Each structure stands twice: as structure tokens, then as C-alpha cells.
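Below is one structure, written out as C-alpha cells, with a few remarks after it.
We name chains A, B, ... by the order of the sequence lines, and we start the count at 1 in each one. Keep in mind that what you see is a predicted model, and the values were worked out from it rather than measured.
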2 protein chains.
Amino acid sequence: MTEDRLDATFASLADPTRRAILARLAQGEATVNELAEPFAMSLPAISRHLKVLERAGLISRGREAQWRPCRLEAGPLKDIAGWVEHYRRFWDASFDRMADYLKELQTPKGDPDDRKN
Amino acid sequence: MTEDRLDATFASLADPTRRAILARLAQGEATVNELAEPFAMSLPAISRHLKVLERAGLISRGREAQWRPCRLEAGPLKDIAGWVEHYRRFWDASFDRMADYLKELQTPKGDPDDRKN
DNA sequence: GTTGTACTTAACGGATATGTTAATTAACAA
DNA sequence: TTGTTAATTAACATATCCGTTAAGTACAAC
């Protein structure tokens, strides 16, 4: 997994319309018009959002007659989950003490007697 | 957790410089100059990246004399982890069959006899 | 063929993002 | 006061994002 792919995935997910589209696709394939229906936004705008998602690898598109059914592709989401997992210890309560400890260990200018406990 | 906060968090994480800064901060507090050191980029550019991270709640900043030590704040990362977790079933192997099943269930134009198995 | 439906692309506009250099603020040190 | 270091802010250039409307493409139905 490259950094560029993380860039594209995070950037795609930064838009609420695109996240809503993914949520919709989590329930099954849908056409562009079906995906556009809930939004107060022109069809071309949705089409561009879909292109962004496709470029990020978050969806794939088939062809059935004049329809382009969209489908969720979760690979990049797995990458995101893997990335964020590295930070779990910073929000898990059981690791708070360790985080504090690590921080104290290498505070460059801190007074050593400032240490809690 | 609001949608806006997810927007800001994902947008912040879409930049590789900012992700690298977070990775650095995972090892402990650091000043702006320390954070800037690995990058071929001007200090004002780093300062702006830090402002983006701060606005997203991903870091906090203290004051020690003329230094502004930066510290990782993991709350928004926890939100990200929670968000992406909803999609786990789409990449977990044990759920592939279920995803297929759901897809078949509501394919609008599919031939019912197309169903696998 | 013509018409209708589904969707994309083109052209445009405004807002935001990301970098630069130069100037400024703030705190310490001589 | 003067100078040094740390960091931010100002001013600017460029690029990308996100929406619009209008035009174009692809397929289906008649």
C-alpha cells in the first residue's frame, strides 16, 4: 500500500456526500441516478463524486445497458483501518498511562521532577 | 461526533506531511522546528500544517518560553476507527459470502436465476 | 431513423489548499 | 539596548475542489 493511495482514500472520505454514497453502497449495488436521488445536487456533481471514489478504488462500476451499477470496494477502507490502528494505544484507556510515560521519557525541556506519580 | 468533524479529520489525514507529523508525535511531544526538520519545506508551511491538525483536534499545543510543544490528540482518530469499522464486513473474508448475498437480494435488474449457488 | 433515458464531459466560477518569501511577534540572552 | 532563536502572520502565486448549466455520448424503445 503506497502513501499516494492513502492520500487518495483519505481525500475521498473527506466529503460527506461521498461518505453517504459509500454508506448507500454498503447495502448493495446502485445506479448513478439511484445514488443521486437523496441529494440536492445536480447529476454531474454526483458523477464527479463517483469518479473520485472510483479513482481512489473505493467503488467499481459495471455496465448494464445504459446503466452503470456502482459497487463498494473495501480494499482502501481496510488500509485506513490498518493505518489508524497504529494509534489505538493513544485512545485506549488502558494505554493512557503508557502514553504519559513515553511522553515524560523524552520531553526535551521538561523538569525531571515534574513527573507525575 | 458530527459529520463536520469527520470532514476535517479525513481532510487533515489526506496530506502525507501531516500524517508524518502525527507519526512523529506518536513518539512524544515535539517543537515546531523539530517537526519541520525532516521535511524539505519551509517553516511557515509546517506551521500551517500544524494549524490544520490543531483545528481538526488532532494535536494540541502548549507554551514553554518561545517553544510551542505539539502533542498528539487521538480523539478524532478514534472517530475514524469507529467509522471505518462499519465497513469491516466488506473486507473480512468470513463476510464475503454475506456481502454477495446482500447484493443479490436487491440487485434491481438482475435475473433471479443468475444467483450463485 | 426519431425519441427518451442514463450518464459523462465541457466550460465556467468561486472557494479552498499548499507552497513560497518577507515581515512580524515573542521570549530569551548578552 | 541589541541580537538570536522560535514561531506565526502577511502577501502572493498556483492548483485543485466543488458546484453550476449546457452539450455530448450510449443504449433502448418505437
Side-chain angles (χ1 to χ4, degrees), chain A residues 3-22 24-25 29-56 58-71 107-111, chain B residues 3-22 24-25 28-71 107-111:
Chain A
E3 282 289 303
D4 281 356
R5 177 158 172 186
L6 272 183
D7 287 6
T9 305
F10 277 126
S12 295
L13 298 178
D15 186 284
T17 301
R18 289 194 289 264
R19 288 198 305 277
I21 287 172
L22 292 183
R24 166 65 185 78
L25 290 176
E29 289 189 8
T31 68
V32 177
N33 270 297
E34 287 166 351
L35 290 171
E37 196 271 329
F39 301 102
M41 197 181 294
S42 68
L43 207 59
I46 298 294
S47 188
R48 285 171 147 262
H49 281 305
L50 292 174
K51 184 177 272 183
V52 171
L53 290 169
E54 189 176 27
R55 292 203 152 213
L58 283 161
I59 67 170
S60 61
R61 288 196 266 189
R63 291 214 170 209
E64 284 183 42
Q66 66 268 56
W67 293 278
R68 312 285 156 83
C70 297
R71 183 182 172 167
T107 296
K109 284 164 280 306
D111 178 354
Chain B
E3 282 289 301
D4 281 356
R5 177 157 171 186
L6 272 183
D7 287 5
T9 306
F10 277 125
S12 295
L13 298 177
D15 186 284
T17 301
R18 289 194 289 263
R19 288 198 305 276
I21 287 173
L22 292 183
R24 167 65 186 78
L25 290 178
E29 286 189 8
T31 66
V32 178
N33 271 296
E34 286 168 351
L35 291 171
E37 196 270 329
F39 302 101
M41 197 181 295
S42 68
L43 206 58
I46 299 295
S47 190
R48 284 170 148 265
H49 280 303
L50 293 175
K51 184 177 276 186
V52 172
L53 290 169
E54 190 176 25
R55 290 203 154 216
L58 283 160
I59 67 170
S60 60
R61 290 196 265 190
R63 289 213 169 209
E64 286 183 39
Q66 67 268 56
W67 293 276
R68 312 283 157 85
C70 297
R71 182 181 173 169
T107 296
K109 284 164 281 302
D111 178 354

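- Contacts between residues 45-56 of chain B and DNA chain C, defined by a heavy-atom separation under 4.0 Å, are made by B/A45, B/R48, B/H49.
- If you measure from atom CH2 of B/W67 to atom P of D/dT4, you get 16 Å, rounded to the nearest angstrom.
- Closest of all the heavy-atom pairs between A/P69 and A/R63 is CD-N, 4.2 Å.
- Between A/N33 and the phosphate of C/dC7, there is a side-chain N or O to OP1/OP2 separation shorter than 4.0 Å.
- Under a cut-off of 6.0 angstrom, the local environment of CZ in B/R5 is crowded, with over 12 non-hydrogen atoms contributed by other residues, nucleotides or ligands.
- Listed nucleotides C/dT21, C/dT18, D/dA7 differ in distance to B/S42; the shortest reach to its side chain belongs to C/dT21.
- Comparing atom distances between the B/V32 side chain and each of D/dT8, C/dC28, C/dC7 picks out D/dT8 as nearest.
- For residues 35-51 of chain B, every residue pair satisfying the side-chain hydrogen bond (donor to acceptor under 3.5 Å, both in side chains) rule, not counting sequence neighbours, is listed here: B/R18-B/H49.
- Here A/R18 reaches the OP1 or OP2 of D/dC18: one of its side-chain N or O atoms lies under 4.0 Å away.
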Q.
Using the rule given for side chain to side chain contact (heavy atoms under 4.5 Å, CB included), can you reason through B/T31 versus B/R68, listing the C-alpha separation, both sets of side-chain angles and the distance that settles it, and then say yes or no?
A. CA-CA 6 Å; B/T31 66; B/R68 312 283 157 85; over 6 Å; no

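- Mapped onto DNA chain D by nearest heavy atom, A/A65 and A/A14 fall at different nucleotides, with A/A14 at the one closer to the 5' end.
- Interatomic distance, CG of B/L50 versus CD1 of B/I59, reported as 4.5 Å (0.5 Å rounding).
- For the pair A/R68 CZ and C/dA6 P, the interatomic distance rounds to 12 Å; values are reported in whole Å.
- Within the model, atoms CD1 of A/I21 and CD1 of A/I46 stand 4.5 Å from one another, a figure rounded to the nearest 0.5 Å.
- As a whole-Å value, the separation of B/L13 CG from C/dA17 C1' is 16 Å.
- At the phosphate of D/dT8, OP1 or OP2 sits under 4.0 Å from a side-chain N or O atom of B/R61.
- Closest to the B/T31 side chain, of the nucleotides C/dG4, C/dT8, D/dA7, is D/dA7.
- Checking C/dA6, C/dG19, D/dA22 against the side-chain heavy atoms of B/M41 singles out C/dG19 as nearest.
- Across every non-hydrogen atom of A/A14 and B/A11, the tightest pair is CB-N, 3.6 Å.
- Distance from the side chain of A/P44 is smallest to D/dT21 among D/dT21, D/dC18, C/dC7.
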